[in-house]
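Each chain gets a letter, A, B and so on, in the order the sequences are listed, and its residues count up from 1. Side chains are part of it too, since the values below use all heavy atoms of this structure and drop only hydrogens, waters and symmetry mates.
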There are 2 protein chains.
Amino acid sequence: MQVGEHGAMQEAILETIRQLPHFSGLAESTLRRLADASRILRPATGSLIIHEGEPCRAFFAVRQGAVRVFRVTPDGRMQILHRLGPGRSFAEAAVLNMSSYPASAEAIEDGTEVVEIGAATFLALFDTDRSMARIMLTSLCCWLRDLVSRVEELSVLSAGARLARHLLDLPARETDEGLEIVFPTSKKEIAERLGITPETLSRQLRRWQDREVIISKRDRVVLLKPDTLLTIAAES
Amino acid sequence: MQVGEHGAMQEAILETIRQLPHFSGLAESTLRRLADASRILRPATGSLIIHEGEPCRAFFAVRQGAVRVFRVTPDGRMQILHRLGPGRSFAEAAVLNMSSYPASAEAIEDGTEVVEIGAATFLALFDTDRSMARIMLTSLCCWLRDLVSRVEELSVLSAGARLARHLLDLPARETDEGLEIVFPTSKKEIAERLGITPETLSRQLRRWQDREVIISKRDRVVLLKPDTLLTIAAES
DNA sequence: CGTCATATTGATGGGCATCAATATATGTGG
DNA sequence: CCACATATATTGATGCCCATCAATATGACG
């Protein structure tokens with residue numbers, strides 16, 4: 001393997017593990033060490049990435065495609081435990097316990113790419129760097145809090161209320177008209193995050209614009225009456 | 001305070017912190033040490049539990065009632081960051097960072113009870129007991145995985161598909177009729193967990209019973225055709 | 001300027017909540 | 001043991017929110 005390619009691969013690995021909830025917040029130097037202990041696997045569809053019962057040497061982050069984690073029941077049937085897409089990881093618990101893999105995993109899409117993070121290096125870093133555990137815990141706590149909120153919101157709140165909350169959470173800038181929010185991502189992604197369709201998002205913004213609660217431009221909104229949005233966010 | 005009362009209070013504290021995602025899995029002895037460093041607060045509605053900017057001495061778990069975490073914006077308006085109910089915790093990140101509180105928190109219901117877990121003791125334990133960090137991380141990883149799945153399911157799957165998945169996840173027992181599942185909680189709670197109403201749950205079970213996929217009794221179901229449920233769980 | 005992804009707007013239908021009534025369990029005190 | 005009260009489940013009728021499908025519009029970019 002050439003040096004250039006190696007560097008590019010390191011970048012690709014870095015990009016992937018930096019976005020893991022477990023690692024977000026870690027120092028760049030720590031991330032690089034982890035990346036050095038990692039490599040990218042491109043398992044063929046249907047081929048096993050880890051085998052249940054084997055001693056665990058690594059954990060994994062999905063870059064592309066999809067992976068399913070499963071066990072084989074005593075009577076020989078496959079029980080699927082999880083399906084994982086890009087950005088998800090698996091087998092961290094096995095690494096932390098230094099146990100053997102409690103399940104198997106296989107790629108289930110063509111072109112699946114998985115980052116393999118070596119257990120030994122990870123654990124060595126973890127035990128050496130005292131701040132690492134704290135940073136990881138801090139990050140996971142924040143994610144956990146966020147996800148719990150989202151579960152509650154998805155199961156209780158209407159699409160409008162969820163959107164109102166989301167708008168109020170976004171960083172805003174004072175202007176002479178009102179609070180201006182520039183969308184950090186496409187509306188498609190915002191809709192996906194809120195568990196609604198882009199159409200519903202569009203319509204909701206339109207409705208609020210007609211009621212003169214907001215001004216909706218292509219990639220930004222101006223909140224004319226934040227209090228009205230607060231009310232909407234609180235109810236139903 | 002009397003010894004008997006003290007013991008009862010310790011039990012109450014233990015019960016609360018044992019259910020925190022962060023601590024589930026910790027050894028009983030560790031939990032007891034944490035409980036010894038904790039006490040129960042009963043803040044009056046509207047009274048502050050923590051003050052933004054103060055050095056952090058503890059983090060907290062809500063036992064009863066509700067708490068809101070907020071900041072005061074430069075222009076004097078209150079920005080609510082979270083509302084927390086029983087079983088939720090806050091200010092863990094501040095403790096892990098050993099920083100000052102980044103926000104304030106107040107009780108917003110009468111009869112609110114909060115467990116205060118001393119930062120010094122927690123950090124001392126954390127730094128002494130090498131397994132503690134791993135156990136906490138393991139537990140949080142599992143919660144994270146579970147929550148991510150639930151968010152995905154809530155935002156894309158139908159009520160029927162979510163229920164089918166849940167049934168297949170529940171512990172089952174082989175009988176001569178099929179897989180028997182005894183509900184561990186009331187149907188009301190199951191419905192709540194799945195983000196549906198009890199009525200919808202009832203109707204869905206009825207529909208499957210009419211199609212002879214399951215037999216639905218009061219507090220249990222028998223899966224006659226698990227494969228059909230698997231199909232339902234996979235689609236829409 | 002044509003191509004493509006993203007956004008908006010309209011029409012339609014279904015899933016699921018809501019409201020309401022009944023039935024079944026669980027528990028309480030006479 | 002029964003009558004009563006309360007919580008939980010079931011079942012029905014109704015309506016609305018929101019997804020879906022489809023068409024158009026608007027921008028981004030080569």
Side-chain angles (χ1 to χ4, degrees), chain A residues 150-167 170 180-222 228-229 231-236, chain B residues 150-167 170 180-222 228-229 231-236:
Chain A
R150 284 176 66 186
V151 167
E152 286 175 359
E153 290 171 4
L154 281 170
S155 51
V156 189
L157 297 182
S158 68
R162 298 206 295 277
L163 176 55
R165 285 189 177 214
H166 190 66
L167 289 181
L170 254 31
E180 185 189 57
I181 295 170
V182 178
F183 293 127
T185 63
S186 72
K187 293 191 175 176
K188 187 184 280 188
E189 281 177 86
I190 294 175
E192 189 176 13
R193 190 203 142 80
L194 295 173
I196 62 181
T197 57
E199 293 96 320
T200 301
L201 197 166
S202 223
R203 271 185 259 271
Q204 191 66 60
L205 291 179
R206 190 89 191 24
R207 227 167 288 147
W208 287 338
Q209 172 149 348
D210 291 344
R211 286 165 53 188
E212 292 176 1
V213 176
I214 64 171
I215 299 173
S216 172
K217 295 163 189 171
R218 176 148 283 263
D219 64 339
R220 65 192 61 199
V221 291
V222 178
T228 307
L229 278 185
T231 311
I232 296 170
E235 69 196 11
S236 135
Chain B
R150 284 176 67 185
V151 167
E152 286 176 359
E153 291 172 3
L154 281 170
S155 49
V156 294
L157 296 183
S158 69
R162 298 207 296 278
L163 176 55
R165 285 189 177 215
H166 190 65
L167 288 182
L170 254 32
E180 184 189 57
I181 295 170
V182 179
F183 293 129
T185 63
S186 72
K187 293 190 176 176
K188 187 184 278 184
E189 282 176 85
I190 294 175
E192 190 177 10
R193 191 202 142 81
L194 295 174
I196 62 180
T197 57
E199 293 96 320
T200 300
L201 196 165
S202 224
R203 271 185 258 271
Q204 192 65 63
L205 292 179
R206 190 89 193 21
R207 227 167 286 147
W208 288 339
Q209 172 149 353
D210 291 345
R211 287 165 53 189
E212 291 175 0
V213 176
I214 65 171
I215 299 174
S216 171
K217 295 163 187 170
R218 176 146 284 262
D219 63 339
R220 66 193 60 200
V221 291
V222 178
T228 308
L229 279 185
T231 310
I232 297 170
E235 69 197 8
S236 134

Inset, instruction - Starting at CG of A/Leu170, measure out to CZ of A/Arg220 and round the result to the nearest 0.5 Å. - result: 13.0 Å

Legend entry - Over all atoms of both residues, closest heavy-atom pair of B/Ala191 and B/Pro198: CB-N, 3.7 Å

Inset, instruction - Could you tell me whether the phosphate oxygens of D/dA19, OP1 or OP2, come under 4.0 Å of any side-chain nitrogen or oxygen in A/Thr200? - result: yes

Inset, instruction - Report yes if some heavy atom in the side chain of A/Leu163 is under 4.5 Å from a heavy atom in the side chain of A/Thr200; otherwise report no. - result: no

Inset, instruction - Would you list the pairs meeting side chain to side chain donor-acceptor pair (under 3.5 Å) in which at least one residue belongs to residues 208-219 of chain A, sequence neighbours left out? - result: A/Arg206-A/Asp210

Inset, instruction - Select one nucleotide: of C/dA17, C/dC16, C/dA11, the one nearest the side-chain heavy atoms of B/Thr197. - result: C/dA17

Legend entry - Gap between atoms CG and P, on A/Leu194 and D/dA19 respectively (whole Å): 11 Å

Legend entry - side chain to side chain donor-acceptor pair (under 3.5 Å) contacts in which one or both residues fall within residues 156-165 of chain A, not counting sequence neighbours: A/Glu153-A/Arg165

Inset, instruction - Provide, to the nearest angstrom, the distance between the CD atom belonging to B/Glu235 and the C1' atom belonging to D/dA19. - result: 16 Å

Legend entry - Nearest heavy atoms of A/Ser155 and A/Val151, plus distance in Å: OG-O, 2.8 Å

Between the protein and nucleotides 5-9 of chain D, list every N/O to N/O distance that falls short of 3.5 Å.
residue : atom : partner  : partner atom : Å
D/dT8   : OP2  : B/Lys188 : NZ           : 2.7
D/dA9   : OP1  : B/Lys187 : N            : 2.7
D/dA9   : OP2  : B/Lys188 : N            : 3.3
D/dA9   : O4'  : B/Arg218 : NH1          : 3.4

Legend entry - Nearest-0.5 Å distance that lies between atom CG in B/Leu167 and atom CG in B/Leu205: 6.5 Å

Legend entry - Interatomic distance where CD belongs to A/Gln204 and C1' belongs to D/dA19 [whole Å]: 14 Å

Inset, instruction - Could you tell me whether A/Glu192 atom CD has more than 12 heavy atoms of other residues or ligands within 6.0 Å of it? - result: no

Legend entry - Close residues, residues 205-215 of chain A, relative to DNA chain C [heavy-atom separation under 4.0 Å]: A/Arg206

Legend entry - A/Gly160 vs B/Lys217, nearer the 5' end of DNA chain D by closest nucleotide: B/Lys217

Inset, instruction - Starting at CD1 of A/Ile214, measure out to CG of A/Leu229 and round the result to the nearest 0.5 Å. - result: 7.0 Å

Legend entry - Euclidean distance, atom CZ of residue B/Arg162 to atom C1' of C/dC16 [Å, nearest integer]: 10 Å

Inset, instruction - Confirm from the modelled atom types if B/Arg203 and C/dG15 form a donor-acceptor pair under 3.5 Å, side chain to base only. - result: no

Inset, instruction - Would you kindly give the CG-to-P distance between B/Leu163 and C/dA17, to the nearest whole Å? - result: 12 Å

Legend entry - Nucleotide C/dA17, atom P - distance to CD1 of B/Ile196 in whole Å: 7 Å

Inset, instruction - Scan A/Leu201 against the nucleic acid and name what it touches under 4.0 Å (heavy atoms): base, sugar-phosphate only, or nothing. - result: nothing

Legend entry - Pairwise distance CD1(B/Ile181) to NE2(B/His166) - rounded to 0.5 angstrom: 9.0 Å

Legend entry - Straight-line distance of A/Glu180 CD to A/Ile215 CD1, nearest 0.5 Å: 10.0 Å

Inset, instruction - Using whole Å, report how far CD1 of A/Ile190 lies from C1' of C/dA7. - result: 12 Å

Inset, instruction - Kindly point out which of D/dC18, D/dT20, C/dT18 is positioned nearest to the side chain of B/Glu199? - result: C/dT18

Legend entry - Set of salt bridge (charged side-chain N to carboxylate O under 4.0 Å, His left out) partners for B/Glu152, sequence neighbours left out: A/Arg88

Legend entry - Inter-axis angle, terminal five-pair segments of the helix from C/dC1-D/dG30 to C/dG30-D/dC1 [nearest 10°]: 40°

